Amino acid sequence: MNVRRSAAALAAVGVLAAAAPATAAEPSPSPKVTVPSGLYGKGDPTYDGVWRQSLTLLAQRTLGYRPAAAAVDWLTGQQCANGSFAAFRAAPAEPCDDKVKADTNSTAAAVQALAAADGHGIAVGKAVDWLKSVQNEDGGWGYYPGGPSDTNSTSVVIGALTAAGTDPADVRRSGKSPYDALPAWSIPCDQDGGGALAYQADKKGKLLPNADATAAGLLGALGKGFVARAGKAPARDACAEARTRTQVADNAGAYLAATVARTGHLTSALPGAEDQPDFGNTADAVVALAADGRTEPAKKAYAWLEKNAGPWATQNGPAAYAQLILAAHALGQQPGDFGGTSLVRSLNALGPAPHMDSAAEHEEKSDDDSGTGLWWIIGVGLVAGIGIGFLLSGRKKQQP
């Protein structure tokens, strides 16, 4: 489970004052809410069911797998008639009513996953239409419809629009697109944390640097999301006034690279607690830095994850494994051999088995035999004419 995502949902409904760190434990394996068939993971899905399922399906697609029909059907079954998705609907056969809290993040994540799964154009189209209908006048999105826009929600929707084949620059409310909203959260260069992005302004209107928002905003400014490949290195590192999305990306990438360079990872803490490594945010930073062409700091962070993130992924489940797989994908690394562990097998074991093409099946064997990397195998398959669908997608929510 993506713990930061779950905590963000709790924070959004006022249960938490701040998001929990990424090292927090997954909900009990015996949750109060029954985990339905087709859903990955054993933890309580109340706050992250659609999110973790979406990341799982995306990660499987980058590996060349076709997700199990039961897993895709579970996700499509969560959609409301108006196209939106809530974090989790325990009774999907019942119509959505005022008690169902649809949100932009779950909806945008589902759009990305269903666009990658193919054959779900109607569901994707309805979800995109709903997202457009709840866009704020500043061009961005909040977590819930009508809430103030924030960097993370706006960026995950940008990724969804891109995945659905819609140019985010063309999605406007009051003449403003999501790319017009991002500069408002970019911290001026002459201030503490200059170049970083805030989640949103605090009650006093002050912008505070937020690593999770910076990684999300970087991908959003690039027009990308959950799934990305290494891009072209930026032309400059000097911080400049962020008037355009390109300048937002340049500033955010430089800030994130410098932050990761210090220790190889990002940190998070609850109020009153000591700073601690944030595995989930670090994985997200790997994807964002790679997409921005800053591969050296991305590789440093990935190497740190390989040494340290295994127990975190085991504890936190599907979304954690998916995040690590997406980080590996961004750098062309081998998720079948992640510090001696196969992220591929670990993820697939948590739900209905996906279907393997010949390349993926070979990779399963290579974990025990030759050690051949998945990405080399998929490359051979591509040369031979095997088509593998890939998706460019979106992001998450607040971290203190």
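Source: prediction; values computed, not measured.
- Taking the six-membered ring where tryptophan is involved, the planes of F279 and W312 are essentially parallel, since the angle between them stays under 30° and well short of 60°.
- Rounding to the nearest 0.5 Å gives a distance of 5.0 Å between CG of N348 and CD of Q60.
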Report task. Just do the ring-ring contact (aromatic ring centres under 6.0 Å, His included) check on Y302 and F338 with the steps written out, would you? Result -> CA-CA 10 Å; Y302 185 82; F338 182 83; 5.7 Å; yes
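- Q247 places a side-chain N or O within 3.5 Å of a backbone atom of R243 that can act as its donor or acceptor partner.
- A salt bridge is defined here as a Lys NZ or Arg NE, NH1 or NH2 lying under 4.0 Å from an Asp or Glu carboxylate O, and R52 with D48 meets this definition.
- Side-chain atoms of Q53 come within 3.5 Å of backbone N or O of Y40 as a donor-acceptor pair.
- Between the side chains of N105 and S153, at least one donor N or O lies within less than 3.5 Å of an accepting N or O.
- For G140 against T154, the heavy-atom pair with the smallest separation is CA-OG1, 3.4 Å.
- Side-chain rings of F85 and W74 stay apart, their centers remaining 6.0 Å or farther from each other.
- The existence of a salt bridge linking D292 and R294 is confirmed by a sub-4.0 Å separation between a basic side-chain nitrogen and an acidic carboxylate oxygen.
- Between the side chains of T314 and Y321, at least one donor-acceptor pair of N or O atoms lies under 3.5 Å.
- Side chain of R229 to main chain of A330: no donor-acceptor pair is present (N/O by atom type, distance under 3.5 Å, no hydrogens or angles).
- Legend: salt bridge (charged side-chain N to carboxylate O under 4.0 Å, His left out) pairs involving residues 169-181, not counting sequence neighbours, sorted by first then second residue: R172-D180.
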